[in-house]
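Only this structure's heavy atoms are used, side chains among them; waters, hydrogens and symmetry mates stay out. Protein chains get the first letters and strands the later ones, always in sequence-line order, with residue 1 at the start of each.
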There are 2 protein chains.
Amino acid sequence: MTIADLIENYIKQQLHRSGNQAIALSRAELAELFSCVPSQINYVLATRFTLERGYLIESRRGGGGYIRIARVTKADRLDMAEQLVLEIGPQISESEAEQFLANFHDLGVLTEQQMRVVRAVLQRETAQIAQGKATLRASLLRGLVILTMQCGRMNEV
Amino acid sequence: MTIADLIENYIKQQLHRSGNQAIALSRAELAELFSCVPSQINYVLATRFTLERGYLIESRRGGGGYIRIARVTKADRLDMAEQLVLEIGPQISESEAEQFLANFHDLGVLTEQQMRVVRAVLQRETAQIAQGKATLRASLLRGLVILTMQCGRMNEV
DNA sequence: CCCTCCCTGACCATATCTGACCTTTGCTTT
DNA sequence: AAAGCAAAGGTCAGATATGGTCAGGGAGGG
């Protein structure tokens with residue numbers, strides 16, 4: 001558990017408490033609370049509270065400045081997931097794939113565990129080949145996500 | 001008894017102690033404990049803790065990095081299917097893929113519906129590309145089957 | 001002798017954390 | 001107003017801490 005993780009959890013907890021809407025924080029106070037430099041807060045925000053993960057950040061400097069963190073509302077999760085699948089191009093890098101997985105997870109399409117399995121399969125299958133990794137990864141990701149969504153649906157019934 | 005074996009046993013012991021769920025390790029510490037180079041740990045993980053054997057590995061680099069080993073097994077079904085998955089070569093034709101699907105179905109690894117989904121995904125994903133159809137098909141089939149097995153297992157619990 | 005498995009070390013990739021320096025905003029003083 | 005000052009927050013390069021990869025050497029059983 002790094003400081004970044006602790007800060008992340010704290011912020012999410014605060015968000016949850018506020019009804020998953022939005023909260024306003026003071027960067028300096030947060031840094032004080034966790035005994036770190038203020039820029040550490042920016043680091044956490046930049047790496048954990050991105051738009052892809054469903055968060056909106058806005059801030060103001062100067063006296064009375066603040067950092068506002070809002071949860072992005074999603075209309076229909078499956079629709080968005082389908083949109084995401086469509087957005088996976090012919091090729092995709094490892095980190096991009098990770099982004100997509102995080103997205104699906106945030107949308108509630110993939111559980112932690114399902115995500116792990118998909119990730120493991122992706123790594124496993126792309127590890128062997130020399131060329132065309134990105135292409136294979138894209139195809140696999142699409143397929144695995146689609147299948148997982150189906151699994152989820154089947155299990156619900 | 002090689003060092004690799006010792007490390008393997010140690011990890012399995014730790015897993016057992018944790019109730020066969022999951023454990024987090026530090027690669028550096030483990031290497032230190034067994035007086036070997038860190039990459040030796042990777043070797044053990046890559047050869048002994050594979051998906052086929054029922055283990056899931058995930059890791060993170062950088063500060064606060066870790067290696068997480070999770071058990072996903074219930075060996076019987078895996079053993080059967082593992083054999084099949086292993087037999088899928090680097091490339092596979094459409095009709096061969098169909099054969100494998102039938103086999104998985106006969107083993108009770110895939111339900112009718114899961115088979116249909118896998119088939120659909122295979123067709124869908126290989127339809128787009130011009131070259132390397134057989135290779136992609138093999139990778140996808142392996143991945144989809146593994147994923148489906150995992151899904152099945154997860155739901156049983 | 002050859003093959004497979006084990007082991008090592010050099011080099012690479014990535015996450016976290018810090019501090020120096022910069023920008024914006026509001027209030028106060030001329 | 002304009003200038004000056006204080007109080008936020010922002011950026012970025014670099015240090016530190018992990019883990020990953022790969023080619024090659026070595027050991028032991030056919």
Legend entry - Given DNA chain C, 5'-ward residue of the pair A:Thr47 and A:Arg60, judged by closest heavy atom: A:Thr47
Legend entry - 5' precedence on DNA chain C between A:Ser39 and B:Ala4 (nearest-nucleotide basis): B:Ala4
Classify [X] by what it touches in the nucleic acid, base, sugar-phosphate, or nothing, heavy-atom distance under 4.0 Å.
X: B:Tyr43; result: base
X: A:Ile41; result: nothing
X: B:Gly63; result: base
X: B:Arg68; result: nothing

For [X], does the [atom1] atom sit with more than 12 other heavy atoms under 6.0 Å from it, leaving out its own atoms?
X: B:Glu98; atom1: CD; value: yes
X: B:Glu94; atom1: CD; value: no
X: A:Glu32; atom1: CD; value: no

Inset, instruction - Taking the six-membered ring of B:Tyr55 (Phe, Tyr or Trp), confirm whether the NZ or CZ of B:Arg48 is under 6.0 Å from its centre and within 45° of its axis. - result: no
Single-linkage hydrophobic cluster, 4.5 Å side-chain cutoff, [X] and [Y] together:
X: A:Val37; Y: A:Ile7; result: no
X: A:Phe34; Y: A:Ile23; result: yes
X: B:Tyr66; Y: B:Leu25; result: no

Roughly how many Å is it from [atom1] in [X] to [atom2] in [N], rounded to a whole number?
X: B:Glu32; N: D:dA17; atom1: CD; atom2: C1'; value: 15 Å
X: A:Ile69; N: D:dG9; atom1: CD1; atom2: C1'; value: 13 Å
X: B:Leu45; N: D:dT21; atom1: CG; atom2: P; value: 11 Å
X: A:Gln40; N: D:dG10; atom1: CD; atom2: P; value: 14 Å
X: A:Asn42; N: D:dA8; atom1: CG; atom2: C1'; value: 12 Å
X: B:Leu25; N: D:dG19; atom1: CG; atom2: P; value: 9 Å
X: A:Arg119; N: D:dG19; atom1: CZ; atom2: P; value: 17 Å

Legend entry - Atom pair OH (B:Tyr10) and CD (B:Gln14), whose distance is rounded to the nearest 0.5 Å: 4.0 Å
Legend entry - Interatomic distance, B:Arg27 atom CZ to B:Ser59 atom OG [nearest 0.5 angstrom]: 9.0 Å
Legend entry - B:Ser59 side chain near D:dT18 phosphate (N/O to OP1/OP2, under 4.0 Å): no
Report all interatomic pairs (protein N or O, nucleotide N or O of nucleotides 25-30 of chain D) with separations under 3.5 Å.
none

Inset, instruction - Work out which heavy atom in B:Cys36 is nearest to a heavy atom in B:Ile41; give both atom names and the distance. - result: SG-CD1, 4.4 Å
Legend entry - First of B:Gly64 and A:Gly64 reached from the 5' end of DNA chain D, by closest nucleotide: A:Gly64
Legend entry - Nucleotide interval of DNA chain C bounded by contacts with chain A (heavy-atom cut-off, under 4.0 Å): C:dA15 to C:dG26
